[in-house]
Structure formats: C-alpha cells, structure tokens
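I have placed the structure first, in the form of structure tokens, so that the comments after it can refer back to it.
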Amino acid sequence: MSSKLHFYNTISRKKEEFIPANPPFVGMYVCGPTVYGDAHLGHARSAITFDIVFRYLKHLGYKVRYVRNITDVGHLENDADYGEDKIAKKARLEQLEPMEVVQYYKDRYHREMDALNNNRPSIEPQASGHIIEQIAMTEKLLENGFAYVSEGSVYFDVEKYAASHHYGKLSGRKIEDLQSNSRDLDGQSEKRSPLDFALWKKASPEHIMRWPSPWSDGFPGWHIECSVMSSKYLGNSFDIHGGGLDLLFPHHECEIAQSVGANGEEPVRYWLHNNMITLNGQKMAKSLGNTIMLHEFFSGDNELLDQSYDPLTIRFFILQAHYRSTLDFGNEPLQAAQKGYSKLKTALASARSLSIEWKPESDEVTALINKWSDECAAAMNDDMNTALTIATLFDMASYINGLKNVQEKRIPSKAQFEEIINIFAAYFEDVLGLGSESTGSQNVEVLDDVMDVLLELRTTAKENKDYGTADAIRDKLKAIGVTIMDGKDGADWQVDA
RNA sequence: GGUCGGGUGGCCGAGCGGUUAGGCAGUGGUCUGCAAAACCAUCUACAGCGGUUCAAAUCCGCUCCCGACCUCCA
C-alpha cells in the first residue's frame, strides 16, 4: 500500500501530504460550540468531521492530542442586542446564573455528541477558565505594538500588523477590499480602523459576565480564546486547526494575526474546514431560522421531519458526503441513509455469526481482500473521502451476504474471512465510528434467550402449518421493533434502528 | 458591490482527462407457506453554448442559475 495521508490545506488551497511536526505526536485544535443554545445539524457535521480526523490519525498510529474549546464567555451582538453578552442575556431571560446556563447546554452538547458516537476530545478547555491567559496575550500584543487601548477596551491594530505581515493569507482577502467594504457598526468610533477587532471589551453596566483586567472590568474579545488555548495546550505552532468554513473569516484569519503578533510564529500547519449543511439549498443557521436541533432529529419533533432519526443514521448520512462539500438535508436522503446504514450494520453482524463450509485459501479471495483494504486506505488518505470508503464497505457487504448463496464461487478460508471482518470492522467501527454500542450485556443475553424461545415456538407452528400463529408472532414482534427474517437454515432477527 | 465555491440520472451523493462510483427508489428474476431480508440482472446522468484534445462530467472561454463569506454562526 503506497498511498499516504493527504489533507486539503485551506491556506495553500491544495491537497498536501500530512507530515506532523513532531511524530508520532499530532496536535489538533477545533473550534467548539458556544454553549448558550442547543446544537443543530451543523454542529454535528463539524464534530463528526474532526472526530474522523481524530479517529483516523489514531488508526494510523499517531498519538493525537485533540483540543476543542467551549465558548462560555459570550461575545458581542449587533443591532438591538449590541454590547450585551449572549450568555448573560439568556440568563436574565431565564433567571439563572450565567454559569448555570453554560453547564446546562454543555451537558446537553456532550450527551448529543456522545449519541453521535463522537470520541470526546483530549482536552476541552473553557474560555472562562482562561481569562488570565487571555489578558496575558493581550498584554503581549500591546507590548509588541500590534494593539492599542481605547476607552477601556483593547483592539488589534490590523493596519499596523498588515504593514509587516500578510493579513488575509488564509481567507484570500485583500485589505483594501476589506476597507472599502466594511460596514458602519456602533462603537466603531473607539476603533482606529473598522477592520480592527476587540481583544478585550469593557463591559457595560448591565453586563454581568465580567472580569477585572488592567484596562477595565470586561470580557475577552471573540477571537482571542482560540489563540490562547491552542498555544497553551498544543504549543505556539501545531499541526491541525479545524472548524466550519464560516469561521474562515474573520475568526481564523484573526487567530493567525494574534498568534503571529504575540508569539512571532505561524500557529497552524494544516487548516481544515468543513462545509455547511443546507436546507433547501440554504445553509442552516440560527440567524436564518431554518435550523433543526439535533434533539429534534432524535425525537422527530419538528414539522420539517417525517420521522425520528437514529443518531448513527445522522452520522452515516453526514459521512456519505465529503466533508468539504455542502450537504443538502432532506427526509428522503435521510431515509435512504437509514436503510443503507442498516444494510452495512446487518452485514457485519451476520458476518460475525456466519458459519459456512470454508474453502482453502485462494488467490482470488486474497486479491479481493487486498483490493478492499487498499481502497479503504486510499479513500481515507485522499483527504478523508469517507463517501468512497463507505462505497467499498457496501462492496464488502454484498460479498458477505452473497456467501450464503450456493452459486457464490469465491468462498474464503476461515482465516481469510476473519481478515475480511477485521478490515470491515476497522473502518466501519473504529475509523468511521459507525458501530452501534451494545447496551447492557446482561440484558442482551437474556433477550437472545427470549428470542430463541419465541423463534422455536414459531418454527414449531410453521412445521404444523399453523401460519396464523407464526405470522402473529412475527407481526407482534414487528410492532415492537423486532424484525424476523426467515432463512434457509432457521430464522434470524434484529432490533430495528 | 468585493472575494470564493457550486450546478451529476427520480432523490442524495463520489469522481475532476480514457475504467460500473456507491446508497435509496423503480423494473424483472432467484429464494420463501406468505412476507421481510439477501442475491442476480436492469433502466434513467453529467446546466447551456463554443473551444482544446486521439479522447472531456473532468481542461479553457462565454452564458444562465444557485450558494457561502465580508455580521453572531459549524
């Protein structure tokens, strides 16, 4: 196998071979959620995308430290909400402590990400726990002459920085264009240039989330937490920075400017951005009011949804598209995903319990195994083309299912079949995270025994041509979500997704 | 307006110079007491118009649509 891992690096706009700075260690930072509301499908796509990076790098043998922040200090809002901290606003609305709101949504976020089978990051730092470091970095930027104090707030001086560095290198923006396009926002009089962004913001009197600083009682700016927490846990220069495409500008551009301005080092070697999920061709966003919350998918409780969807169906749906493409949501595609996913899951389960007459090892089967193994690796290595990996898994599933047919000639040896299962499981479960966790082993065993009893009764009924009873057993089980499948040698069953 | 990215068969989606992508749906079979599942076979494509090339969904140009960012956002 000759293919090597390549990522599309946003900053160079090309696929590049991934070579960590300090192998076998890899540092990855991903922009996490603002915990003042529930997660929607877009949050799921980002989390799943970088969970795949995390899992695949580990699969390749790297030691990965995955840092994903929790934003809990709030940021400025425009319009009527100008100057008000998002979390504080919500808190007043609900008469809760701000940190109580944070805790509530953080817990829900974790539960939903767990349900999607995302591995937890290695470190999940909160912005509120790094105020001291954010103040320190702001001081460093003031010292280095890239920031200025104005009315108790501190701003990054973009023009000053741009005189000696390339501001816009990530997003491909030109500073002249930005200047001519900038809009008039309130509070810009404090800034020397509309392009400047806040490092520290003085809190208005009604703003309850606030911390003391050398400049004012206030709160950190929007971008500084990521620069601070990534360098704290991964170093001034680290391998991978991930996030949604919508964060490219200004957020990630500002992160580069801040880090370079403070530390004099280019912070990130590979920039990875996942694309958006669209609904009727438009992206899902809070501001557009067309978001569907994750818990609504799980419960089906949204008028846009025909039914509820299993979290792993959502995961599969997302992985069937490449992470850099937009993915259009719909009930029909989601239902297609549900069936396809179920097919793969069932194929793996039946492979694990398959017993047929094995043949001696054959070159033909060995060639197949090598082909599948290479295809899976090549697909993942090519900028994580999970859609292609899944296509290979479908090939393997067809082969596995076909082994029961008498006309199948390519019967493997026992060892070869075990290798096939290992490859399938390595990608399906470990890399793509699509294996469903078996819950409560003891209950499962009891259920197995109970089902054996029922199937035995039904078989007896069938032998007596008592199809009424046989069908009644099948129908009633179907009604509670268990499907009976009659086969050549006995019946099989599965719990519906 | 500026800067990017798209338009693939009934639906979703890979591919980005020569090979069946794949899934779901449809059709015809096999199997089955019936069903389900599974397997086999099969049908719909590359927005339009030009150009480059032995060869273009894939490269170039134009046209028409659509989206993203520039503002909190995955």
Side-chain angles (χ1 to χ4, degrees), chain A residues 13 30-34 36-37 39-50 74-79 81 86 168 171-174 176-178 180-183 185 222 242-251 273-278 281-288 291 316-317 320-322 324-344 346-347 350 375 379 382 385-395 397-408 462 465-467 470-471 474-475 478 483-488 491-492 494:
Chain A
R13 289 165 198 275
V30 174
C31 292
T34 302
Y36 71 97
H40 59 258
L41 244 203
H43 292 101
R45 166 109 103 154
S46 176
I48 289 169
T49 298
F50 295 103
H75 297 300
L76 296 181
E77 292 187 352
N78 353 333
D79 306 327
D81 300 324
K86 274 181 182 172
S171 57
R173 258 155 245 264
K174 294 194 178 67
E176 311 85 68
D177 295 339
L178 290 168
S180 59
N181 282 320
S182 64
R183 302 200 306 185
L185 294 171
W222 175 30
L245 199 51
D246 51 347
L247 295 176
L248 214 173
F249 189 88
H251 185 55
H273 290 94
N274 65 279
N275 215 138
M276 307 292 108
I277 287 184
T278 56
Q282 268 207 319
K283 77 161 180 168
M284 284 192 183
K286 243 165 256 157
S287 53
L288 297 171
T291 54
F316 182 80
F317 171 69
Q320 266 195 305
H322 186 93
R324 281 191 293 112
S325 301
T326 54
L327 171 59
D328 203 36
F329 155 83
N331 279 289
E332 202 186 334
L334 226 33
Q335 281 153 17
Q338 184 178 51
K339 289 189 184 173
Y341 173 54
S342 160
K343 188 172 180 175
L344 290 181
T346 307
S350 70
E375 277 177 5
D382 185 13
N385 195 329
T386 53
L388 273 182
T389 310
I390 288 171
T392 297
L393 292 180
F394 274 111
D395 272 2
S398 290
Y399 172 79
I400 290 165
N401 290 331
L403 288 176
K404 289 173 226 155
N405 291 7
V406 280
Q407 61 269 40
E408 177 60 60
K462 279 170 67 180
K465 301 235 190 290
D466 178 6
Y467 295 121
D471 289 352
R474 188 172 62 194
D475 293 347
K478 183 74 196 170
T483 302
I484 302 285
M485 294 158 296
D486 288 331
K488 263 247 148 52
D492 205 356
Q494 69 175 51

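Residue numbering restarts at 1 for every chain, and letters A, B, ... go by the order of the sequence lines.
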note = Assign each of A/L41 and A/T326 the nucleotide of RNA chain B bearing its closest heavy atom; nearer the 5' end lies the nucleotide of A/T326
note = Testing B/A14, B/G10, B/C12 for proximity to the side chain of A/D328, the answer is B/C12
request  = Could you tell me the separation between the NZ atom of A/K465 and the P atom of B/U32, rounded to a whole number of Å?
outcome  = 13 Å
message = Is any side-chain heavy atom of A/P333 closer than 4.5 Å to one of A/Q320?
response = no
request  = Counting Watson-Crick and G-U wobble pairs only, both distances under 3.5 Å, name the nucleotide matched with B/C70, or none.
outcome  = B/G1
inquiry  = Between B/G13 and B/A68, how far apart are the two P atoms, rounded to whole Å?
reply    = 15 Å
inquiry  = With a cut-off of less than 4.0 Å, is there a side-chain N or O of A/S325 near OP1 or OP2 of B/A14?
reply    = yes
inquiry  = When you compare the side chain of A/L344 with that of A/I390, does any pair of heavy atoms fall below 4.5 Å?
reply    = yes
ask   = Base, sugar-phosphate, or nothing: which does A/L334 touch, judged by heavy atoms less than 4.0 Å apart?
value = nothing
inquiry  = How close do A/A397 and A/A347 get, counting heavy atoms only, and between which atoms?
reply    = CB-CB, 3.6 Å
task = Describe the nucleic acid contact of A/G340 in one word from base, sugar-phosphate, nothing, applying a heavy-atom distance below 4.0 Å.
result = sugar-phosphate
ask   = Heavy atoms under 4.0 Å, any strand shown: does A/H273 hit a base, just sugar-phosphate, or nothing?
value = nothing
note = Checking B/A68, B/A38, B/C70 against the side chain of A/L178 (C-beta onward), the nearest is B/C70
inquiry  = Between A/D471 and A/R474, does any NZ, NE, NH1 or NH2 come within less than 4.0 Å of an OD or OE carboxylate oxygen?
reply    = yes
key: Heavy-atom closest pair, residues A/L388 and A/A379   = CB-CB, 3.6 Å
message = Could you check whether the side chain of A/R13 and the base of B/C4 have a donor-acceptor pair of N or O atoms closer than 3.5 Å, going by distance alone?
response = no
query = What's the CE-P distance between A/M276 and B/C70, to the nearest Å?
reply = 10 Å
inquiry  = Would you measure the distance from the P atom in B/G15 across to the matching atom in B/A47 and give it in whole Å?
reply    = 15 Å
Proximity to the side chain of A/K283 - top-ranked nucleotide from B/C69, B/A14, B/C24 = B/C69
message = Considering every strand and a 4.0 Å limit on heavy-atom distances, what is the contact class for A/I484: base, sugar-phosphate, or nothing?
response = base
task = Report yes if the ring of A/F394 lies under 5.5 Å from the six-membered base ring of B/G23 with planes under 30°, and no otherwise.
result = no
ask   = Which nucleotide in the set B/C12, B/A21, B/C69 lies at the smallest distance from any side-chain heavy atom of A/F317?
value = B/C12
Distance test, side-chain N/O of A/N385 to OP1/OP2 of B/G15, below 4.0 Å = yes
inquiry  = By nearest heavy atom, map A/K404 and A/A470 onto RNA chain B; which one lands nearer the 5' end?
reply    = A/A470
inquiry  = Classify A/K462 by what it touches in the nucleic acid, base, sugar-phosphate, or nothing, heavy-atom distance under 4.0 Å.
reply    = base
query = Where the side chain of A/M485 is defined as all heavy atoms beyond and including C-beta, which of B/G22, B/A36, B/C39 is the nearest nucleotide?
reply = B/A36
task = Provide the distance between the two C1' atoms, one in B/C16 and one in B/C31, to the nearest whole Å.
result = 42 Å
remark   = Of all heavy-atom pairs linking A/D328 and A/F317, the shortest is O-CZ, 3.7 Å
inquiry  = Just the rounded figure in Å: distance from P of B/A68 to CG of A/D246.
reply    = 11 Å
key: Rounded P spacing from B/C49 to B/A14 in Å   = 25 Å
request  = Provide, to the nearest angstrom, the distance between the OH atom belonging to A/Y399 and the P atom belonging to B/G22.
outcome  = 19 Å
inquiry  = Is there a side-chain contact between A/S350 and the phosphate of B/A38, meaning an N or O under 4.0 Å from OP1 or OP2?
reply    = no
inquiry  = Whole angstroms only, please: what is the CG-P distance between A/D486 and B/G33?
reply    = 9 Å
ask   = Do A/D471 and B/G33 have a side chain to base donor-acceptor pair shorter than 3.5 Å?
value = yes
message = If you define the side chain from C-beta out and look only at heavy atoms, does anything of A/R45 sit under 4.5 Å from A/N275?
response = yes
query = P atom, B/C12 versus B/G7: distance in rounded Å?
reply = 12 Å
query = Expressed in angstrom and rounded to an integer, what is the separation of A/R324 atom CZ from B/C16 atom P?
reply = 11 Å
query = Under the side chain to side chain donor-acceptor pair (under 3.5 Å) test, which residues partner A/D466, sequence neighbours left out?
reply = A/T469
query = Which part of the nucleic acid, if any, lies within reach of A/F249 when heavy atoms closer than 4.0 Å are counted: base, sugar-phosphate only, or nothing?
reply = sugar-phosphate
request  = With P as the reference atom in both, quote the distance from B/A41 to B/C46 in angstrom, rounded to an integer.
outcome  = 25 Å
query = Between A/M276 and A/L245, is any pair of side-chain heavy atoms under 4.5 Å apart?
reply = yes
message = Could you check whether the side chain of A/R474 and the base of B/A35 have a donor-acceptor pair of N or O atoms closer than 3.5 Å, going by distance alone?
response = yes
query = Mind checking who B/A38 pairs with, Watson-Crick or G-U wobble, both distances under 3.5 Å?
reply = B/U30
Separation between the P atoms of B/C72 and B/G9, rounded to whole Å = 37 Å
query = In Watson-Crick or G-U wobble terms, both distances under 3.5 Å, what is the partner of B/C16?
reply = none
Whole-Å distance separating the CZ atom of A/R173 from the P atom of B/U3 = 11 Å
query = Hey, is the side chain of A/K339 poking within less than 4.0 Å of OP1 or OP2 on B/A25, counting only N and O atoms?
reply = yes
ask   = How far, in whole Å, is B/C39 from B/G51 if one measures between their C1' atoms?
value = 47 Å
note = To the nearest angstrom, the NZ-P distance between A/K174 and B/G2 comes to 12 Å
request  = Using a 4.0 Å heavy-atom cut-off across all strands, classify A/T278 as base, sugar-phosphate, or nothing.
outcome  = nothing
